[in-house]
Amino acid sequence: MMFDLTILQKYAKRSPSSLPPTLLLTNSETSLTIFDKYPKATYHFLVLPRITADSGFTADELENLQTLLARGKKAEARGLIEGLKKDAQTAKEMVEKEMLKRHGYKWDVWIGFHAVPSLTHLHLHVISSDLCSPSLKHKKHYNSFHPNLGFFLHVDEVLAWFGQDSASFDQQLMSLQNNLHEPLLKEDLACWRCRETFKAMPKLKEHLVREKGAEASREKKSLQGKKRKRPEEGETGRTESDREVPSSKRQAVTNDVDT
DNA sequence: GTTCTAGAAC
DNA sequence: GTTCTAGAAC
């Protein structure tokens with residue numbers, strides 16, 4: 001290979017048991033799930049395909065989505081992505097357990113690829129939908145995970161490409177090649193939930209914290225309603241509003257690598 | 001991907 | 001004067 005291996009490629013070549021537990025969340029025969037070094041939400045992991053003698057793909061083919069799909073191994077590529085999805089779902093379940101334990105409720109966790117990744121070696125993001133994190137600093141960070149903008153490609157969206165005719169498949173592949181996705185990172189800042197727009201990142205970040213808090217109290221209220229099992233009480237059965245988890249306590253999980 | 005920082009925006 | 005972004009360097 002022409003260039004030095006990136007950190008992700010180095011990890012993908014190592015045996016999972018040799019990786020520090022502060023880096024590795026979990027692994028399967030074919031993948032590693034690691035903590036993102038610069039998490040862009042309360043929970044943010046990367047699922048990497050391992051590079052092994054019998055993984056069926058070379059490191060070059062596993063550089064990114066484009067190189068994986070462009071080598072004429074369509075069925076194998078589909079199988080590999082399905083495997084990553086399965087392992088991402090395992091990670092998602094672990095995140096949901098942690099959410100219940102630490103926050104008392106669970107919220108959405110997204111699974112997807114960046115259309116134009118900046119680090120070499122294919123990686124599937126598993127990220128909680130709050131998008132509240134000190135490492136989320138710039139417009140491009142936020143827009144790269146906005147679930148409806150088009151830069152973040154949900155894994156099921158990518159898998160659906162395989163069900164289309166080959167002309168459409170090739171067109172999806174071309175769109176990755178032509179960097180059509182890069183201008184999306186410069187789009188105006190808009191809340192993915194309510195679509196309100198913001199002039200600057202600090203304002204959007206404040207808004208995202210408020211949205212997260214609002215979701216937390218809705219969810220906890222609904223859970224308490226279920227516990228009481230007295231639905232006939234309806235709106236009169238008020239509980240005091242839940243307090244939001246302070247941002248200082250959110251970063252309890254250790255992180256190591258990033259995209 | 002991050003850090004640094006000049007100068008734009010407020 | 002301070003906040004914030006965006007481009008260069010890494």
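Chain naming here is simple, since letters A, B, ... match the order of the sequence lines and numbering starts at 1 in each. Values below: every heavy atom of this structure, side chains too, minus hydrogens, waters and symmetry copies.
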For atom [atom1] of [X] and atom [atom2] of [N], their distance in whole Å:
X: A:Lys186; N: C:dC4; atom1: NZ; atom2: P; answer: 21 Å
X: A:Phe198; N: C:dT5; atom1: CZ; atom2: P; answer: 13 Å
X: A:Leu119; N: C:dC10; atom1: CG; atom2: P; answer: 19 Å
X: A:Tyr142; N: C:dC4; atom1: OH; atom2: P; answer: 17 Å
X: A:Lys203; N: C:dT5; atom1: NZ; atom2: C1'; answer: 15 Å
X: A:His141; N: C:dT5; atom1: NE2; atom2: C1'; answer: 13 Å
X: A:Met201; N: C:dC4; atom1: CE; atom2: C1'; answer: 11 Å
X: A:Phe151; N: B:dG1; atom1: CZ; atom2: P; answer: 7 Å

If we ignore angles and hydrogens, is there a donor and acceptor under 3.5 Å between the side chains of [X] and [Y]?
X: A:Thr42; Y: A:Asp130; value: yes
X: A:His121; Y: A:Thr6; value: no
X: A:Asp87; Y: A:Ser31; value: yes

Among [options], which nucleotide has an atom closest to any side-chain atom of [X]?
X: A:His138; options: C:dC4, B:dT3, B:dT2; answer: B:dT3
X: A:Lys137; options: B:dC10, B:dT3, C:dT5; answer: B:dT3
X: A:Lys40; options: B:dC10, C:dT5, B:dG1; answer: B:dG1

Any salt bridge between A:Arg78 and A:Glu82, counting N to O under 4.0 Å?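 Salt bridge present between A:Arg78 and A:Glu82.
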What nucleic acid atoms does A:Pro202 come within less than 4.0 Å of, heavy atoms only: base, sugar-phosphate, or nothing?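 Sugar-phosphate: the residue A:Pro202, judged by heavy atoms under 4.0 Å, touches backbone atoms but no base.
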When all nucleic acid strands are considered with a 4.0 Å heavy-atom cut-off, which category describes A:Lys140: base, sugar-phosphate, or nothing?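 Since a base atom lies under 4.0 Å of A:Lys140, the category is base.
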